[in-house]
Each structure stands twice: as structure tokens, then as C-alpha cells.
Number of protein chains: 2
Amino acid sequence: MLKEERQQLILDKIGADKKVTLVALSKELDVSYDSIRRDIIELEERGLLRKVHGGAITNSYLPMKVRQRMGIPNPEIVRIARKTLRLIQPGQTILMDGGTTPLYIVEQFPKEMELTVVTNNLPLAVVLADHPHIEVMVLGGSFYKRYQITMGQTVMDQLAHLRVDWYLMGVVGSHPDEGFSLRNHEETLLKRRMMQTARQVAVCLTTEKLHTPAAHRICGLEDVSLLITSLNPSDAQLAEYQEKGLEIW
Amino acid sequence: MLKEERQQLILDKIGADKKVTLVALSKELDVSYDSIRRDIIELEERGLLRKVHGGAITNSYLPMKVRQRMGIPNPEIVRIARKTLRLIQPGQTILMDGGTTPLYIVEQFPKEMELTVVTNNLPLAVVLADHPHIEVMVLGGSFYKRYQITMGQTVMDQLAHLRVDWYLMGVVGSHPDEGFSLRNHEETLLKRRMMQTARQVAVCLTTEKLHTPAAHRICGLEDVSLLITSLNPSDAQLAEYQEKGLEIW
DNA sequence: ATGTTTTTTGCATTTATTTGCAGACCTAAT
DNA sequence: ATTAGGTCTGCAAATAAATGCAAAAAACAT
């Protein structure tokens with residue numbers, strides 16, 4: 001078994017269970033405790049997980065490429081995708097941006113669904129090539145390879161002429177008081193612009209982001225219409241959001 | 001067994017299993033460990049896989065998906081791609097459009113190449129995500145799923161502000177008297193526009209297209225600077241093109 | 001076709017990485 | 001203080017990678 005393969009399995013397991021223990025892993029993958037330990041150290045150095053005594057836990061943020069290689073979407077994202085589907089009415093126009101969540105959501109779209117999707121996320125457009133009744137509009141601009149999206153002034157200009165029903169916004173960080181945030185400043189500008197072109201905005205969030213704000217603020221809770229998570233809307237972790245009057249699914 | 005053929009098998013295997021080990025491959029394909037190792041190095045330089053200790057793993061699953069749709073690169077296209085590479089100088093800006101030939105050409109790009117690529121071909125942009133020194137500009141517009149390219153007025157508008165060194169044009173049909181042609185009318189409009197934004201235009205052609213015009217004419221021979229085929233420039237099949245004064249590689 | 005040039009291949013040698021293990025070490029709970 | 005669980009360090013064996021070279025095979029031009 002290749003070292004990288006093993007490390008990928010560790011990441012998969014962490015993605016599914018949120019935590020792993022070294023002893024369990026070394027038994028399961030049938031390699032020495034030390035090898036696993038060294039793997040975990042390497043992965044931590046690359047920022048892909050957090051090492052704790054006797055094991056490791058998820059790190060809230062994983063770059064897209066790593067997730068993509070994982071192949072199987074984690075169950076949390078599948079739940080979010082299913083809820084999001086209920087939101088969309090046939091014939092509508094929706095705007096989707098970067099990240100893996102939108103990618104999994106469109107993968108869940110039924111093949112016969114009739115829809116127009118506007119996106120700056122190239123993999124997303126390519127995935128939708130298999131859906132004959134979905135019209136796709138690609139926003140052109142400089143290609144930001146890390147997230148496989150386009151950005152820049154050209155994208156902004158194209159948005160000026162658009163009016164969509166929903167904007168499904170992906171975010172990196174979120175906090176009940178501080179609102180939604182990202183790692184990258186330029187992308188916040190883009191997202192703010194996207195919000196303006198949409199009649200309604202929905203944010204899709206994985207649980208670990210709920211109380212971890214990122215560096216650059218996009219907007220406050222009051223600016224979005226709907227929050228979609230994998231949790232039950234009445235879950236305690238969502239209470240603070242609930243109180244601020246945000247609709248939650 | 002040809003090198004190209006072997007490399008294709010390696011890519012196929014990686015596409016299926018997400019990983020390969022060098023020892024297994026050298027046994028399976030019955031060539032020395034070193035040859036396989038050198039193949040892997042080459043493929044990595046083109047960004048088609050990631051080399052790891054003892055083997056190789058997939059780089060990103062999307063280009064693989066696209067690749068499967070593309071099928072095996074026939075040796076003719078590989079020859080064309082190699083010739084085209086000689087044309088491009090570091091630091092230039094080139095415009096590439098739809099089709100599989102451009103995709104094979106960019107696959108041949110060494111990873112260190114410095115270049116700006118403008119394209120309406122989404123898989124092409126995604127493939128180039130692994131080339132850190134290549135800047136990619138995506139032309140946005142309606143997505144034509146069949147060819148995985150964008151088209152329409154939006155694309156045209158973006159071209160208005162552009163000026164590139166080379167336009168590598170793909171065509172469906174060609175004839176020494178009638179010039180170059182396509183099956184789709186709207187695409188001819190786009191290609192004509194693309195020609196205007198480029199200082200020089202090169203056409204890449206496979207042999208079977210040399211005397212088979214398609215329905216919609218793009219332009220005459222006099223409008224392109226260079227013709228690239230898999231044949232020797234002095235080949236009899238190219239004589240008529242030669243006579244009309246078209247430069248041939 | 002035929003000889004020339006270029007590319008590819010396999011091998012031997014050297015160098016580097018990975019792995020498991022043993023023992024020292026740390027820390028917290030008895 | 002002792003002990004149990006986990007971590008860290010150094011080491012040696014096994015495995016893999018890089019390098020240089022000569023033979024073989026393709027590709028090329030004449």
C-alpha cells in the first residue's frame with residue numbers, strides 16, 4: 001500500500017467520523033503504529049487535520065482538490081444537497097459558486113430537472129453536461145486554479161446583466177454575531193456582487209463551520225434568506241442563528 | 001510496445017483504480033521498472049498524475065472523467081500536438097477553442113511552461129489547473145454541452161478586448177479551394193471573431209479532413225498563417241495547400 | 001529503400017525514502 | 001512513586017529513485 005493511499009484513507013475516515021485513533025488505524029490498515037503516527041504528523045503539517053493526543057480530528061477547512069480526490073461525498077454534504085434540492089422549483093434560474101458542496105448538490109439533481117444554472121465554477125458546468133434539460137451559463141474571467149472558479153472584473157461585468165431566483169452561496173466561516181466570511185478578500189467582493197443579482201440568497205453550511213469565522217466578512221445574517229445545514233433546524237447548535245430570525249432548513 | 005500506448009495504459013489504469021504501483025505496472029506491461037518510472041515522470045510533468053514514492057495516484061478526478069470521454073489519443077494527434085508545441089514561445093498568449101486536439105496539445109505542455117491561455121473550452125481550463133505557470137482566462141457564455149465549450153454573444157463581447165499572439169483553431173472540414181469549415185453555423189461566427197483577435201492563426205488538422213469540406217465555411221486558406229498536420233510538409237496530400245502559398249509544418 | 005540522427009530502453013551504481021523496532025521520555029491517574 | 005498510554009529519537013533493513021552509459025529501436029531525411 002502506498003503511503004499517499006494510506007493517508008488518503010485516513011482523511012476519508014476523518015471526513016466520515018470526524019475523528020480517528022492511531023491504534024484503530026494501525027490495526028485497520030495493518031501497518032505499524034509508528035507509520036500511522038508519522039502519517040498524521042505529515043497531514044497535520046499540510047493543514048489537513050488536527051493532531052490530538054492518541055489520534056486526530058477534522059480541520060474545518062479542506063481545499064477543494066483534496067476533497068475532490070476523495071471520490072465519495074461525505075454523508076453530511078449529501079444531507080445538505082438533498083435539502084437544497086427541495087428549495088429549487090423547475091424553470092428557475094440559480095446562481096452557484098465555488099466549493100465542493102455545490103458540486104455535490106448538482107450531482108444530486110434529477111436528470112429530467114429543468115433549470116438554468118449560472119456559475120463561475122467550471123467543474124460544476126462540466127458535471128451538468130450530463131443533464132440535458134439544464135441550461136448552463138458560465139461566467140468567464142481569470143481562472144483561479146486553486147478553487148477552479150473564475151474571478152475578476154470580467155465576472156463582475158457579466159453579473160451586472162443578470163437577475164436570478166436563488167443564489168446558493170458557499171462560505172468558509174460563519175458566526176451568529178459576525179455573519180458569513182471567507183479566506184480570500186477578492187472572493188468576498190465577488191460574492192457580494194452575486195448577492196445583488198439574486199432575489200434570494202441561501203447559504204449551505206457544514207456543521208464545523210457554524211462557529212468558526214474566517215478572515216474576510218461577506219455579509220451579516222440579515223442579508224441572507226435561508227440557512228441550510230445537515231442538522232435538524234431545532235438543533236442546539238443552531239439556536240443562536242434561530243434567535244436572530246434567520247430561517248433555517 | 002510504443003511508449004505512447006504504454007502511457008495511455010498507465011493513465012487508464014489510474015483512471016480506474018485511482019493508483020498504480022511501479023512494480024505492478026512493469027510486470028503487467030512487461031517492460032523494465034525504469035521505463036515505467038520514466039513514463040510516470042513524463043506524465044507527471046504534463047500534470048496528468050501525481051508521482052509518489054513507489055507509484056502514482058490520480059491528480060484530480062475531473063480531468064480523468066473528461067479523458068475517458070475523449071478516448072485514446074491516436075498517434076496522429078500526438079504528432080500534431082508535438083509540432084504545435086514548437087510554435088509556442090514562453091510568455092506568449094494563445095487562444096484555443098473546442099475539440100479534443102487542443103486538449104491533447106495542452107497535455108503535452110511541460111509543467112514549467114510559462115504562458116497565458118485564453119479559451120472557451122472548459123475541460124481545457126481544468127486540465128491546465130495543474131500547470132502553475134500557465135495563466136488561464138476563461139471566456140464565459142452559454143455552455144454548449146456537446147462540445148463542452150461556451151458560445152454566444154457574451155463570448156464575442158469578451159473577445160473584443162483581447163489581443164493574442166496565436167489562435168490555434170480546430171476545424172471539422174478543409175479543402176484546398178474552399179478553405180476551412182465546420183458543422184455548426186454559430187461556431188463559425190465565433191471562430192471568425194477569434195481570428196480577428198489573434199496576430200497569427202494556426203490550423204491543426206488530421207489527415208482525413210484534408211479533402212473533406214463541412215457545411216459551414218469559416219475562412220479561406222489565405223486567412224491563416226500556418227497549417228499543422230501529422231504529415232511531412234512535403235507529402236503529396238499537402239501539395240495543393242503548398243501551392244496556394246500556405247505555410248505548412 | 002538506406003544510412004544518419006534522435007529517442008528510448010535496460011542495466012549497474014549510487015543516493016534517498018520509508019518502515020518497523022527498541023528504548024528513552026513525557027504526562028496524567030492511581 | 002508507579003504505571004499505563006502515548007510520543008519522540010535513532011537506527012538498520014528494505015525498497016525505491018536518480019544518474020550515467022551503452023545497446024537497441026524509431027524516426028527522419030535523402
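Letters A, B, ... are given to chains in the order of the sequence lines, protein chains preceding strands, and every chain is numbered from 1. Quick caveat, the model's predicted, so the values are computed rather than measured.
Applying side-chain contact (heavy atoms from CB on, under 4.5 Å) to Met195(B) and the options Leu95(B), Leu190(B), Asp223(B) leaves one that passes, Asp223(B).
At a cut-off of 3.5 angstrom, the base of dG10(C) holds at least one donor-acceptor pair with the side chain of Arg38(B).
When the P atom of dT18(C) is taken as reference, atom CD1 of Ile36(A) falls 15 Å away, rounded to whole Å. Separating the OH atom of Tyr33(A) from the P atom of dC21(C) is a distance of 14 Å, rounded to the nearest angstrom. One interatomic measurement links the two molecules: CD1 of Ile40(B) to P of dA18(D), which rounds to 12 Å at whole-angstrom precision. Following rounding to the nearest Å, Leu25(B) (CG) and dG10(C) (C1') show an atom-to-atom distance of 17 Å. The distance between atom CD of Gln7(B) and atom C1' of dT7(C), rounded to the nearest whole Å, is 13 Å. As a whole-Å value, the separation of Asp34(A) CG from dT9(D) P is 12 Å. Between Glu42(A) atom CD and dT19(C) atom C1' there is a gap of 13 Å when expressed in whole angstrom units. If you measure from atom CE of Met1(A) to atom P of dT15(D), you get 17 Å, rounded to the nearest angstrom.
Salt-bridge check for Lys18(B) with Glu5(A): failed, with every basic side-chain N at 4.0 Å or more from each acidic carboxylate O. Ion pair Lys3(B)/Glu42(B) flagged as a salt bridge, since at least one NZ, NE, NH1 or NH2 atom sits closer than 4.0 Å to an Asp/Glu carboxylate oxygen.
Judged by distance alone, with hydrogens and angles left aside, the side-chain atoms of Thr21(A) form no donor-acceptor pair with the main-chain N or O of Gly54(A) at under 3.5 Å.
Taking the six-membered ring where the residue is Trp, the centroids of Tyr147(B) and Tyr144(B) are separated by 6.0 Å or more.
Of the candidate nucleotides dT9(D), dA16(D), dG20(C), dG20(C) has the atom nearest to the side chain of Ser32(A). When the nucleotides dG20(C), dT8(C), dG6(D) are ranked by their closest atom to the side chain of His53(A), dG6(D) comes out on top. The side chain of Val31(A) lies closest to dG20(C) when the candidates are dT19(C), dG20(C), dG10(C).
For the pair Lys83(B) and dA27(D), the criterion of a side-chain N or O lying under 4.0 Å from OP1 or OP2 is not met. Taking side-chain N and O atoms only, Arg6(B) has a distance below 4.0 Å to OP1 or OP2 of dT9(C). Arg37(A) has no side-chain polar atom (N or O) that falls below the 4.0 Å cut-off from OP1 or OP2 of dT18(C).
Along DNA chain D, the nucleotide nearest Gly54(A) and the nucleotide nearest Gly55(B) are compared for position; the residue whose nucleotide lies closer to the 5' end is Gly54(A).
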